[in-house]
**Student:** 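Following this message is one structure expressed as structure tokens.
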Protein chains: 2
Amino acid sequence: MPNNQFKRGELYSVINGMASIAVARRLQKNFRQAGLEITIEQWSVLYHLWKEDGLSQQELCNRTFRDKPSITRLIDNLEKQKLVKRVSSKEDRRMNLVYLTDSARELQDITIGLANQTMDEALVDVGKDDIEVVKLVLQKVYDNLK
Amino acid sequence: MPNNQFKRGELYSVINGMASIAVARRLQKNFRQAGLEITIEQWSVLYHLWKEDGLSQQELCNRTFRDKPSITRLIDNLEKQKLVKRVSSKEDRRMNLVYLTDSARELQDITIGLANQTMDEALVDVGKDDIEVVKLVLQKVYDNLK
DNA sequence: GGCATATAGTTAGTTATGCAACTATTTCAA
DNA sequence: TTGAAATAGTTGCATAACTAACTATATGCC
């Protein structure tokens with residue numbers, strides 16, 4: 001087979017592969033080293049609740065790009081760890097609204113600090129302009145495939 | 001809390017989030033629509049074997065950025081589907097060398113075609129120069145965290 | 001009002017990931 | 001040469017992802 005068939009495929013591994021996995025692992029490691037027992041997936045849910053508390057599970061699906069079963073189980077686990085509470089909505093009884101507990105609110109500053117530190121570690125020697133290009137391209141990729 | 005604490009954190013979701021997930025889902029969908037019953041994870045292993053057959057599991061770990069248990073189980077499943085075969089190395093009996101079967105070789109052209117098509121869909125209206133910047137930045141991110 | 005349809009969430013089954021602990025083999029140095 | 005350390009791979013356990021099938025509630029049209 002012609003070898004150039006692989007050339008474009010490399011792009012897949014670049015965009016999809018190493019970098020995002022490496023960032024995720026480093027963030028998880030930074031959490032662990034700080035003695036925090038939450039997963040990055042759980043953190044990504046809390047992150048959206050810190051910005052706006054009391055979101056429905058469906059809204060969390062939209063904002064975290066996950067499907068409904070994934071959110072159901074993430075909330076299950078967060079509830080077990082007493083970080084969130086499901087409250088069934090009074091306007092629409094199909095909906096659960098998800099609220100932070102006090103212990104979750106305590107995690108906000110330190111974990112966001114660790115996330116920022118992780119991105120600083122990841123972006124050493126990367127120019128601001130280049131970062132902007134990456135953000136725009138990845139946003140465009142997402143829009144293209146949505 | 002000051003709202004700008006979130007600002008840098010957004011980078012995490014940009015680099016780690018939507019785009020790579022969207023690309024992966026689209027590729028999986030394109031495989032499914034073509035009637036191919038392999039996962040993108042299995043495909044990523046085959047991809048490296050097409051480039052060089054008979055790699056050890058450890059070498060597949062390095063090239064796919066996975067740990068050893070992940071590769072063990074991916075190879076388990078690929079072996080069940082009769083796409084690869086483990087052959088214990090004669091030079092070093094600790095090692096399994098992983099070889100493609102004929103059915104796996106048949107998948108090469110069509111799946112790499114689908115991966116290239118997926119990247120074309122993802123990269124509509126993205127300039128070649130910008131793609132180069134993304135590749136360089138993500139490579140740099142990976143190196144920074146390695 | 002009543003029934004079809006849409007929406008919110010859950011459950012079950014399969015695949016995959018990460019960590020820790022384990023076995024088997026090889027290497028290397030005292 | 002032998003015994004400690006390194007390396008290759010596997011297994012068990014927990015978390016998370018996707019699909020498909022399911023329940024419950026709400027909406028909307030006739």
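Just so it is clear: chains get the letters A, B, ... in the order the sequence lines come, proteins before strands, and each one is counted from 1. If you're wondering where the values come from, they're calculated on a predicted model, not measured in any experiment. Just the heavy atoms: all of them, side chains too, but no hydrogens, waters or symmetry mates, feed the values below.
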**Student:** Do NZ/NE/NH1/NH2 and the carboxylate oxygens of E132(B) and K128(B) come within less than 4.0 Å?
**Tutor:** no
**Student:** Grab the CG-P distance between N96(A) and dT25(D) for me, whole Å please.
**Tutor:** 12 Å
**Student:** For dT10(C), take OP1 and OP2 only and decide whether either is under 4.0 Å from a side-chain N or O of Q57(A).
**Tutor:** yes
**Student:** If you check every side-chain atom of R93(B), which of dT10(C), dT25(C), dA8(D) has the closest atom?
**Tutor:** dT25(C)
**Student:** Expressed in angstrom and rounded to an integer, what is the separation of M95(B) atom CE from dT25(C) atom P?
**Tutor:** 14 Å
**Student:** Can you measure K29(A) atom NZ to dA20(C) atom C1' for me and round it to whole angstrom units?
**Tutor:** 17 Å
**Student:** Could you state the CD1-P distance from I75(A) to dA16(D), rounded to the nearest angstrom?
**Tutor:** 11 Å
**Student:** Does N77(B) form a side-chain hydrogen bond (donor to acceptor under 3.5 Å, both in side chains) with Q81(B)? I'd like the steps, not just the answer.
**Tutor:** CA-CA 6 Å; N77(B) 285 331; Q81(B) 297 176 255; over 6 Å; no
**Student:** Side chain of P69(A) only, heavy atoms from C-beta on: which candidate in dA17(D), dT10(C), dA16(C) is closest?
**Tutor:** dT10(C)
**Student:** Spell out, yes or no, whether L49(A) and M95(A) are grouped together once hydrophobic residues are joined by side-chain heavy atoms under 4.5 Å, including indirect joins.
**Tutor:** no
**Student:** Rounded to whole Å, how long is the line connecting atom CD of E59(B) with atom P of dT7(D)?
**Tutor:** 14 Å
**Student:** In terms of side-chain heavy atoms of T39(A), which of dG12(D), dA8(D), dA16(D) is nearest?
**Tutor:** dA16(D)
**Student:** Go through dT11(D), dT10(C), dG18(C) for me and flag the one nearest to the K68(A) side chain.
**Tutor:** dT10(C)
**Student:** Using atom CG of L36(A) as one end and atom C1' of dT15(D) as the other, report the distance to the nearest whole Å.
**Tutor:** 17 Å
**Student:** Could you check which of dG18(C), dT11(C), dT25(C) has an atom nearest any side-chain atom of R73(B)?
**Tutor:** dG18(C)
**Student:** Return the nearest nucleotide to the side chain of R66(B); candidates are dA16(C), dA17(D), dT26(C).
**Tutor:** dA16(C)
**Student:** So for the helix from dG1(C)-dC30(D) to dA30(C)-dT1(D), with five pairs setting each end axis, what is the inter-axis angle to 10°?
**Tutor:** 10°
**Student:** Can you list the residues that meet the side-chain contact (heavy atoms from CB on, under 4.5 Å) rule with R105(A), with sequence neighbours excluded?
**Tutor:** D53(A), L100(A), D102(A)
**Student:** Before accepting this row, confirm whether a basic side-chain N of the pair E41(A)/R66(A) lies closer than 4.0 Å to the acidic partner's carboxylate O.
**Tutor:** no
**Student:** Salt bridge check, R32(A) against E37(A): does any charged N sit closer than 4.0 Å to a carboxylate O?
**Tutor:** no
**Student:** So if I take every side-chain heavy atom of L74(A) and compare against dA17(D), dA16(C), dG9(D), which nucleotide ends up nearest?
**Tutor:** dA17(D)
**Student:** Quick one: do D67(B) and R73(B) make a salt bridge, cutoff under 4.0 Å?
**Tutor:** no
**Student:** Do I110(B) and I38(B) belong together in a cluster built from hydrophobic side chains that touch within less than 4.5 Å?
**Tutor:** yes
**Student:** In residues 77-88 of chain B, what residues come within less than 4.0 Å of DNA chain D, judged by heavy atoms?
**Tutor:** R86(B)
**Student:** Quickly work out the L60(A) CG to dT7(C) C1' distance and round it to whole Å.
**Tutor:** 16 Å
**Student:** Are L107(B) and L78(B) joined in one hydrophobic group, where the rule is that I, L, V, M, F, W and Y side chains link up if heavy atoms are under 4.5 Å apart?
**Tutor:** yes
**Student:** Whether D76(A) and R86(A) form a salt bridge (side-chain N of Lys/Arg under 4.0 Å from carboxylate O of Asp/Glu) is what I want to check.
**Tutor:** yes
**Student:** Give the rounded distance in Å between these two atoms: CD of Q58(A) and P of dA6(C).
**Tutor:** 15 Å
**Student:** Return no unless some side-chain N or O of R32(B) is found under 4.0 Å from OP1 or OP2 of dT19(D).
**Tutor:** yes
**Student:** Toward the 5' end of DNA chain D, which comes first, S56(B) or D67(A), by nearest nucleotide?
**Tutor:** S56(B)
**Student:** Can you figure out which of dT7(D), dG9(D), dA26(D) approaches the side chain of D92(A) most closely?
**Tutor:** dA26(D)
**Student:** Nearest of dT7(C), dA17(D), dT17(C) to any side-chain atom of E41(A)?
**Tutor:** dA17(D)
**Student:** Given that Q42(A) and R94(A) both sit by DNA chain D, which one's nearest nucleotide is further toward the 5' end?
**Tutor:** Q42(A)
**Student:** So does K85(B) pair up with E79(B), basic N to acidic O under 4.0 Å?
**Tutor:** no
**Student:** If you check every side-chain atom of S70(B), which of dT17(C), dA16(D), dT15(C) has the closest atom?
**Tutor:** dT17(C)
